[in-house]
Amino acid sequence: MSDVKRPSKRAQKAQQTRRRILSAALELFVQDGYGATNLQDVADKAGVAVQTIYFVFGNKRALLKELVDVTIAGDDEPVATMDRPWYVDALAAGTAQDMLRAYVAGTTLVLERIAPIGKVLDGACASDPEVAALWPHDVDPRYVVHERAAKALAGKPGARAEVSVAEAADLLYGLLSPELYLLFVHSRGWPRERWERWAFRTLHAQLCSD
């Protein structure tokens, strides 16, 4: 017999409620803005009592924080980006070119998810110092993710020997940024597939030997 315990019906229901609240919050924050959306609006959209949101998340700032974390991850599992299968598999690729192709593909999916909430987060941080404090500014987690990828890339066949890890990390951080993705895909109307091809070709020219 398997020792893996299935979640109880109560736990499953609680998880479904949590997801409904997050989905409602995402839609309303994007549509109306963080400041203009109150928790009663979210509760009505999710079909729950507002007290449920306070019980599950605590307050609106905590709701936004979890929404951003879940949106980046793609699910509500407590697994960091650098432990995600797509990231681990990309860094395990045999050559610099193969790693870069897989890494750009995986990062593009993340950018596609977080693009709608990016402007919401910028506006919330600008208007509420307590929201901004939820994301420390001394170390950018996104840079840490790209820096580890740059270190892995540098040790693979086909990587440009003259490009330092620091330079490679900066290139990944800059070219695979939410801001640049929004500029091309949302402002200029590029399909996601075109963005992915462009990002790969551009980074390949900088980071991989011919």
Side-chain angles (χ1 to χ4, degrees), residues 22-23 25-37 60-61 63-75 80-82 84 86-87 90-91 99-153 160 163-208:
L22 289 170
S23 177
L26 176 59
E27 182 176 342
L28 292 174
F29 287 164
V30 171
Q31 174 183 295
D32 301 328
Y34 174 80
T37 301
K60 190 165 79 164
R61 298 183 186 95
L63 173 60
L64 177 65
K65 176 65 166 62
E66 179 143 353
L67 178 60
V68 172
D69 291 345
V70 168
T71 302
I72 292 172
D75 57 48
T81 297
M82 291 187 289
R84 294 269 162 179
W86 76 265
Y87 187 91
L91 269 60
M99 178 194 150
L100 189 61
R101 179 178 285 107
Y103 189 73
V104 169
T107 303
T108 299
L109 292 177
V110 174
L111 290 171
E112 183 180 34
R113 290 195 300 269
I114 68 173
I117 203 173
K119 291 182 179 180
V120 173
L121 181 58
D122 289 343
C125 289
S127 63
D128 188 341
E130 291 188 45
V131 171
L134 295 173
W135 285 271
H137 295 285
D138 51 344
V139 178
D140 188 334
R142 195 170 67 80
Y143 182 82
V144 173
V145 169
H146 289 310
E147 184 180 39
R148 180 183 287 188
K151 290 177 180 177
L153 187 75
R160 285 188 179 275
V163 178
S164 67
V165 168
E167 183 178 353
D170 286 347
L171 288 167
L172 293 172
Y173 180 77
L175 287 171
L176 298 178
S177 66
E179 295 82 3
L180 202 56
Y181 180 87
L182 282 170
L183 177 65
F184 281 93
V185 176
H186 285 237
S187 298
R188 302 307 308 155
W190 283 23
R192 189 198 75 197
E193 295 77 9
R194 182 182 177 188
W195 154 266
E196 186 177 324
R197 289 195 302 270
W198 173 84
F200 170 72
R201 289 197 303 266
T202 303
L203 285 166
H204 185 275
Q206 296 289 321
L207 302 176
C208 300

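What you see below is based on every heavy atom in this structure, not just the backbone, and it leaves out hydrogens, waters and symmetry mates. Please read all numbers here as calculations on a predicted model, not as lab measurements.
Residues satisfying the salt bridge (Lys or Arg N to Asp or Glu O under 4.0 Å) test with Asp128, not counting sequence neighbours, are Arg61. Every residue meeting the salt bridge (Lys or Arg N to Asp or Glu O under 4.0 Å) condition with Arg101, not counting sequence neighbours, appears here in chain and number order: Asp98.
In this structure, Trp195 and Phe184 have tilted ring planes: the angle between them lies in the 30° to 60° band. Aromatic ring pairs are classed by plane angle as parallel below 30°, tilted from 30° to 60° and perpendicular above 60°; the pair Tyr143 and Tyr173 is perpendicular.
The distance from the CD atom of Glu147 to the CE atom of Met82 is 9.5 Å, given to the nearest 0.5 Å. To the nearest 0.5 angstrom, Leu64 atom CG is 9.5 Å from Asp69 atom CG. Atom CG of Leu207 sits about 8.0 Å away from atom CD of Glu167, to the nearest 0.5 Å.
Leu121 is not listed as a side-chain neighbour of Ile114, based on a closest heavy-atom distance of 4.5 Å or more.
Closest approach of Val145 to Tyr87, counting heavy atoms only: O-OH, 2.7 Å. When all heavy atoms of Arg160 and Gln206 are compared, the closest pair comes out as CD-O, 3.1 Å. When all heavy atoms are compared, the tightest approach of Leu67 to Leu22 is CD1-O, 3.5 Å. The two residues Met99 and Ala149 have their closest heavy-atom pair at CE-O, 3.1 Å. Of all heavy-atom pairs spanning Val165 and Ala150, the tightest one is O-CB, 3.7 Å. Considering every non-hydrogen atom in both Leu111 and Ser177, the closest pair reads CD2-C, 3.8 Å.
A side-chain contact (heavy atoms from CB on, under 4.5 Å) with Tyr181 is found for one member of Thr108, Leu175, Thr107 and no other, namely Thr108.
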Derivation and outcome, side-chain contact (heavy atoms from CB on, under 4.5 Å), residues Arg142 and Thr81: CA-CA 9 Å; Arg142 195 170 67 80; Thr81 297; over 6 Å; no

Working for side-chain contact (heavy atoms from CB on, under 4.5 Å), residues Leu26 and Val120: CA-CA 9 Å; Leu26 176 59; Val120 173; over 6 Å; no

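Between the side chain of Tyr103 and the backbone N or O of Leu153, no donor-acceptor pair lies under 3.5 Å.
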Report all side-chain donor-acceptor pairs from residues 196-205 shorter than 3.5 Å, counting only partners two or more places apart or in another chain.
{"unit_1": "Trp198", "atom_1": "NE1", "unit_2": "Thr202", "atom_2": "OG1", "d": "3.3"}
{"unit_1": "Thr202", "atom_1": "OG1", "unit_2": "Trp198", "atom_2": "O", "d": "2.8"}
{"unit_1": "His204", "atom_1": "NE2", "unit_2": "Gln97", "atom_2": "OE1", "d": "2.9"}

